[in-house]
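Okay, so here's the structure we're looking at.
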Amino acid sequence: MSERTLKEIMSQRLAKRESLLNEGVNPYPYKFDRSHLITAALEDFDQLAEKTEISFAGRLMSRRVMGKASFANIMDGSGRIQLFISREEIGVEAYTLFKGLDLGDFIGVSGKLMTTRTGEKTLKVASLTLLSKNIRPLPNVKEKDGQTFDGFEDKEQRYRKRYLDLIVNPEVKETFVKRAAIYRSIRKFFDGSDYLEVETPILQPLYGGASARPFMTHHNALNMPLYLRIADELYLKRLIIGGFEKVYEFSRNFRNEGMDRTHNPEFTAIEWYEAYVDYHYLMDQVESLFKHLCADLGQSTFSFKGHEIDLTQEFQRAPMAELVAEHVGIDLATANEKELLTVCRKHKVDVDTNANYGQLLDELFDALVQPHLIEPTFVTEYPKAISPLAKHLRDSDGTFVERFELFIAGSEFANAFSELNDPVDQRARLEAQAALREAGDDEAQVVDEDFLQAMEYGMPPTGGVGMGLDRLIMLLTDNPSIRDVLLFPQMRPESKG
RNA sequence: GCACCGCUAGCUCAACUGGCAGAGCAGUUGACUCUUAAUCAAUUGGUUCGGGGUUCGAGUCCCUGGCGGUGUACCA
């Protein structure tokens with residue numbers, strides 16, 4: 001739409017590019033030696049001002065021309081600074097070049113720092129070089145005293161053209177800088193506990209470790225189907241079997257499912273496994289990971305979804321059935337499926353009438369309890385029916401397993417178990433999943449014969465945790481949508497309708 | 001999936017009950033040596049998301065499709 005007017009602006013700029021080339025000026029030179037980042041020079045202003053010749057490189061963001069002298073602002077990766085350019089100072093030729101610049105051009109400038117009459121720290125430009133010619137106009141944003149005017153606000157365009165969002169809405173950068181800091185902190189936590197960071201296949205002949213539909217692809221040379229991983233769990237367990245006793249991986253996972261505020265088709269999780277520990281150990285460990293993160297970020301209370309949450313407090317722990325029982329006022333430990341169904345109906349929880357005890361309990365929990373778990377809470381003892389990779393709860397009848405999930409502000413943040421390591425039991429559980437698949441559940445897990453064989457060689461008692469990092473970053477940066485913590489969220493192609 | 005809201009110039013927005021599609025910024029031309037949402041003067045720029053319909057006349061009303069946002073459901 002409105003291509004014509006955009007084309008006019010662009011053809012003007014293309015013409016400038018041409019005439020520069022004709023004058024023998026390369027509008028795209030190869031390098032520029034800058035002496036300072038903008039913010040570094042501003043911090044060191046008193047040392048540098050009036051004395052030292054310094055240089056910056058950056059993008060021209062605004063301009064105020066007043067005849068033979070001008071002010072402009074450039075932005076580099078660190079920040080912005082005002083430039084003062086006078087014809088007297090830089091000469092007629094350079095001043096003409098400056099007046100021919102467009103917003104969005106990259107330039108290199110050198111000169112001395114000064115303070116303007118109104119007290120703004122400014123570079124008095126002595127020389128100026130074009131570093132890259134802009135030919136497509138940037139969204140035009142005005143700024144004053146930290147307030148922005150006429151911003152670039154269309155969320156769709158911001159997600160589709162994230163590079164523009166980053167240029168024009170600098171606060172967006174902070175989320176991604178913080179994301180990197182969180183990764184660094186997590187790495188430090190595990191590296192410091194003698195964990196080994198590993199990389200396992202993203203392209204897998206069979207997918208597993210979670211209940212989800214996969215993306216499928218095809219390898220030409222092998223002429224075989226391959227799946228993009230939905231989780232790295234089964235490979236990390238192979239490594240535990242192989243004798244690496246503590247492993248972790250930042251795992252980009254792919255799930256062929258719906259998209260919404262909290263789901264992107266590709267997302268990042270961290271999973272870690274440690275030999276000879278159980279889920280009680282893991283709860284303590286997860287709590288200390290959060291404390292470690294808070295210390296590194298220098299913050300203990302986080303605002304998220306309108307709640308103020310202290311992540312350094314002791315996390316609550318409670319079995320799933322108890323939490324549901326508290327809510328419905330019925331002792332569920334002795335309830336049968338029929339009674340649970342009645343409870344579901346009473347609380348208007350929509351369920352499949354063929355659902356088993358575990359699925360019903362899970363439904364009740366999701367509908368009635370989870371939204372109210374605001375303070376950090378480990379929900380423990382999940383039904384075996386929905387946990388095919390977890391060990392039976394010790395000293396019990398086998399209805400429940402040693403598993404926990406961590407909830408904060410009504411959302412799930414971690415999922416962990418005392419990992420099942422009995423190969424006979426594991427085979428039976430996966431075969432039960434396969435039966436569910438036969439019955440039409442296309443998210444049920446598949447039997448991975450190689451994984452079962454690996455376990456038959458012997459797997460030590462092991463604890464393992466999976467934690468969704470995108471959601472963690474949403475929590476720690478107070479962003480309500482996963483799209484705000486992904487640089488390039490998945491979008492439908494733009495179409496002309 | 002369902003509901004609601006949105007889509008008009010490069011950007012931000014306006015246009016009453018259906019009556020000539022507008023403004024600011026950006027762009028272009030000119031003036032201006034301490035401005036800072038610079039200012040002043042002039043000026044260019046439109047497939048109003050696509051398609052169909054009603055009407056003398058549609059940005060506006062109706063149908064249909066697209067994309068996005070929010071909520072909700074399903075799903076981990």
Side-chain angles (χ1 to χ4, degrees), chain A residues 1-13 15-16 61-73 80-89 95 99-100 102-104 114-122 124 134-161 164 167-169 209-213 230-231 253 255-263 267 269 348-352 362-363 366-367 370 386-387 405 411-413 415 441-443 445 466 468 471 480-481 483 489 491-497:
Chain A
M1 53 177 183
S2 40
E3 285 292 309
R4 201 183 306 157
T5 154
L6 176 59
K7 271 181 186 152
E8 280 169 17
I9 294 175
M10 289 186 67
S11 65
Q12 285 158 2
R13 297 189 183 185
K16 287 184 190 173
M61 296 304 287
S62 66
R63 194 162 44 153
R64 296 169 291 286
V65 178
M66 302 163 305
K68 300 184 190 67
S70 300
F71 289 91
N73 288 78
R80 284 171 175 252
I81 192 170
Q82 177 170 267
L83 308 178
F84 176 71
I85 299 126
S86 78
R87 196 174 73 175
E88 196 178 322
E89 186 83 15
Y95 197 70
K99 288 216 286 187
D102 291 295
L103 298 185
M114 59 173 250
T115 308
T116 63
R117 216 172 269 165
T118 49
E120 180 160 352
K121 294 167 180 171
T122 299
K124 189 178 196 179
N134 164 296
I135 59 165
R136 189 180 285 273
L138 290 171
N140 165 248
V141 175
K142 296 276 177 178
E143 210 177 325
K144 188 192 183 180
D145 303 332
Q147 262 191 301
T148 56
F149 302 84
D150 299 345
F152 179 56
E153 285 163 358
D154 183 327
K155 280 203 165 183
E156 178 175 356
Q157 289 308 314
R158 292 175 59 189
Y159 294 145
R160 288 188 193 281
K161 300 197 166 185
L164 291 181
I167 292 166
V168 161
N169 298 314
S211 300
R213 294 204 303 265
I230 58 172
N253 297 329
R255 297 190 183 175
N256 206 341
E257 294 174 344
M259 294 161 55
D260 61 26
R261 216 176 59 264
T262 58
H263 296 81
F267 65 98
K348 298 197 168 71
V349 177
D350 192 23
V351 288
D352 185 345
D362 189 43
E363 293 284 351
D366 281 356
Q370 178 176 335
I386 57 167
S387 313
E405 293 192 343
S411 300
E412 181 207 323
F413 284 88
N415 180 24
D441 180 352
D442 56 7
E443 291 191 348
Q445 305 201 19
R471 290 185 194 173
S481 168
R483 294 191 179 95
M491 302 286 278
R492 279 196 175 82
E494 236 169 339
S495 87
K496 299 234 160 115

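Numbers restart at 1 for each chain; the letters A, B, ... are given by sequence-line order, proteins then strands.
A 6.0 Å sphere centred on CZ of Arg492(A) holds no more than 12 heavy atoms belonging to other residues, nucleotides or ligands.
Here A73(B) is the nucleotide among A73(B), C75(B), U33(B) with the atom lying nearest to any side-chain atom of Asp260(A). The nucleotide whose nearest atom lies closest to any side-chain atom of Glu153(A) is, among U12(B), C75(B), U70(B), U12(B). Which of A37(B), C75(B), G68(B) sits closest to the side chain of Arg160(A) comes down to G68(B). Checked against U12(B), C34(B), C25(B), the side chain of Met66(A) finds its nearest nucleotide in C34(B). Here the side chain of Tyr159(A) is nearest to one of G69(B), U70(B), C75(B), namely G69(B). Across G27(B), U33(B), U35(B), the shortest atom-to-atom separation from the side chain of Gln12(A) is found for G27(B). Of the candidate nucleotides C34(B), C75(B), U33(B), C75(B) has the atom nearest to the side chain of Glu363(A). Distance from the side chain of Glu257(A) is smallest to C75(B) among C75(B), A38(B), U28(B). Side-chain proximity of Asp154(A) to U12(B), G27(B), A38(B): nearest is U12(B). Distance from the side chain of Lys142(A) is smallest for A37(B) among the nucleotides A37(B), C75(B), C34(B).
Using a 4.0 Å heavy-atom distance criterion, Met491(A) is classed as a sugar-phosphate-only contact. Residue-level contact check: Arg255(A) touches the backbone only, with heavy atoms under 4.0 Å from sugar-phosphate atoms and none from bases. Residue Arg261(A) is classed as a sugar-phosphate contact, given heavy-atom separations below 4.0 Å to backbone atoms only. At a threshold of 4.0 angstrom between heavy atoms, the contacts of Val65(A) include nucleobase atoms, whether or not backbone atoms are also involved. Residue contacts for Gly468(A): at a heavy-atom cut-off of 4.0 Å it reaches no nucleic acid atom on any strand shown. Nucleic acid contact class of Met61(A) (heavy atoms, under 4.0 Å, all strands): none. Nucleic acid contact for Lys121(A): none, since no nucleic acid atom lies under 4.0 Å from a heavy atom of the residue.
Between the base of U35(B) and the side chain of Gln82(A) there is a donor-acceptor pair shorter than 3.5 Å. Between the base of U35(B) and the side chain of Thr116(A) there is a donor-acceptor pair shorter than 3.5 Å.
We find that CD of Gln157(A) is positioned 14 Å from P of C49(B), with the value rounded to whole Å. Taking atom OH on Tyr95(A) and atom P on U33(B), their separation rounds to 8 Å, with Å as the unit. Atom CZ of Arg136(A) is separated from atom P of C11(B) by 11 Å (rounded to the nearest Å). In this structure, Arg63(A) atom CZ and A26(B) atom C1' are separated by 11 Å, rounded to whole Å.
One C1' atom belongs to G57(B), the other to C20(B), and the distance between them is 11 Å to the nearest Å.
Using a 4.5 Å cut-off on side-chain heavy atoms (C-beta onward), Arg80(A) and Met61(A) make contact.
Taking a pair as Watson-Crick or G-U with both hydrogen-bonding distances under 3.5 Å, the stems of three or more pairs touching RNA chain B are B:1-7 with B:66-72, B:10-13 with B:22-25, B:27-31 with B:39-43, B:49-53 with B:61-65.
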